[in-house]
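For reference, the structure is listed below as structure tokens.
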Amino acid sequence: MFTHKDFSLLAAAQAQSALLLSSPNPRVGCILATAAGVLLGQGHTQTAGGPHAEVMALRDAAARGHQITGATAYVTLEPCSHHGRTGPCCDALIAAGINKVVASIADPNPLVSGQGFERLRAAGVEVVVGPGAAESRELNIGFFSRMIRKTPWVRMKVATSLDGKTALLNGQSQWITASAARADGHAWRARSCAVLTGIGTILEDNPRLDVRLVASPRQPHLVVVDSQLLTPPNALIFQADRQIFIYTCVENELRKIALEACGAKVIYLPGANGKVDLAAMLRDLAQREVNEVHVEAGHKLNGSLVREGLVDELLMYIAPKLLGAGQDLASFGPLQRLEDAVDLVFTSTEMVGADLRVRARIAGRNQF
């Protein structure tokens, strides 16, 4: 028999299974169990438009031949109460005869935001909130960011030498880190809603910037910051099956037509000094249901994002090499005082093959 804590942990594991699948919906897991500790069904959120975790768990219980009247549902996020791509999950639980719901955290979506709990309680369902709250929020940090701040969570990935260089002065950067780190980087691409890069990277490296080194059920969108609309229609980025957004400052109809014929969406969003308005771009991406942005760009765009305070987290792969003179991970400054430095908080360090992976969050950035 399982305990209540066990079921909450199993629900969290189910939510983790939705990591690469559910975007732009949150990653949610659900466990159905009896009061005596018998597992009845389990499930996690499917692709957008598909069943949510609660419905998958109900289907699983039915497939096992279990009766669920009077059962408890352990779910990692408040059951939704609105009609979106699917019907309200709280109604499905009520209709199934669930007696109690143990939820990790309230849904930050203004269309839900406590209304799911209210509807359950109004139907006589006992509701407990709290077990696993921090873990559920962290797993869905991008979703919470989009719902509360109206902007995606921005994670900047860089591969550097031990002395902080991302490329030689001549631009050569393939490969500073080893194959294990590159595969791990693809796993982080896969969990994002969109990969962001700049026109400099497109012109210099002609990368694909898709997910190839790990199995993934979907390709994240690609976002290109291209102030002068110089993206070549024959660039390798167009080979993957995904949505591509190109943000620009020039209204060149011929280039726009050529790029949109390749499947891109060209968006005119000028800011100061002939550059794309990066803050407005992130707000626009949030409106397009982008939760997590994974940045893989050069030192200039990285520097602009850091300088404008738009980066939330760094994902760094540090190779055991010294490159000497070369390109920095982000060009901004120079600062005049140490007090003006960007303060970070290390959240994890781990060896990935021969390289060191360091995750660091901008201090205080997750307080929303």
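- Here the rule is side-chain hydrogen bond (donor to acceptor under 3.5 Å, both in side chains) with Tyr317, and of Asp184, Asp355, Thr160 only Asp184 fits it.
- Between the side chains of Thr231 and Asp226, a donor-acceptor pair is found at a separation under 3.5 Å.
- In this structure, Gln115 contributes its side chain and Val112 its backbone to a donor-acceptor pair below 3.5 Å.
- The pair Arg155-Asp312 does not meet the salt-bridge criterion, since no charged nitrogen lies less than 4.0 angstrom from a carboxylate oxygen.
- At a cut-off of 3.5 Å, with distance as the only test, a side-chain donor of Arg146 or Asn291 sits close to an acceptor on the other residue.
- Under 3.5 Å, the side chains of Asp284 and Tyr247 contain a donor-acceptor pair of N or O atoms.
- A cation-pi geometry, defined here as NZ or CZ lying under 6.0 Å from the six-membered ring centre and within 45° of its normal, does not hold between Arg27 and Phe144.
- Remark: the Ser331 side chain and the His299 side chain contain an N/O donor-acceptor pair separated by less than 3.5 Å.
- Using cut-offs of 30° and 60° for the angle between ring planes, the His221 and Phe245 rings count as perpendicular.
- Using a 4.5 Å heavy-atom threshold, the side chains of Thr72 and Ile98 count as separate.
- Using a 4.5 Å heavy-atom cutoff, the side chains of His44 and Gln46 are in contact.
- Remark: Arg365 does not engage Glu313 in a salt bridge, criterion side-chain N to carboxylate O under 4.0 Å.
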Test Arg189 against Glu296 for salt bridge (charged side-chain N to carboxylate O under 4.0 Å, His left out), laying out the working first.
-> CA-CA 9 Å; Arg189 279 185 193 174; Glu296 292 200 34; 2.7 Å; yes

Could you walk me through whether Leu32 and Gln42 pass side chain to side chain contact (heavy atoms under 4.5 Å, CB included), step by step?
-> CA-CA 6 Å; Leu32 302 177; Gln42 57 189 339; over 6 Å; no

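- A 6.0 Å sphere centred on CG of Asn170 holds more than 12 heavy atoms belonging to other residues, nucleotides or ligands.
- In this structure, a donor-acceptor pair under 3.5 Å is present between the side chains of Arg307 and Ser304.
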Should His294 and Leu196 be marked as a side chain to side chain contact (heavy atoms under 4.5 Å, CB included) after you check the CA-CA gap, both sets of side-chain angles, and the distance that decides it?
-> CA-CA 6 Å; His294 177 89; Leu196 171 66; over 6 Å; no

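- Under 4.0 Å is where a charged nitrogen must lie from a carboxylate oxygen, and between Lys165 and Asp163 no such pair does.
- Look at Glu204 and Lys300 and you find no salt bridge, because none of the NZ, NE, NH1 or NH2 atoms lies under 4.0 Å from a carboxylate O.
- When atom types are taken as modelled, the side chain of Gln14 and the backbone of Ile31 share no donor-acceptor pair closer than 3.5 angstrom.
- Glu292 and Lys157 are not joined by a salt bridge, as no carboxylate oxygen comes within less than 4.0 angstrom of a charged side-chain nitrogen.
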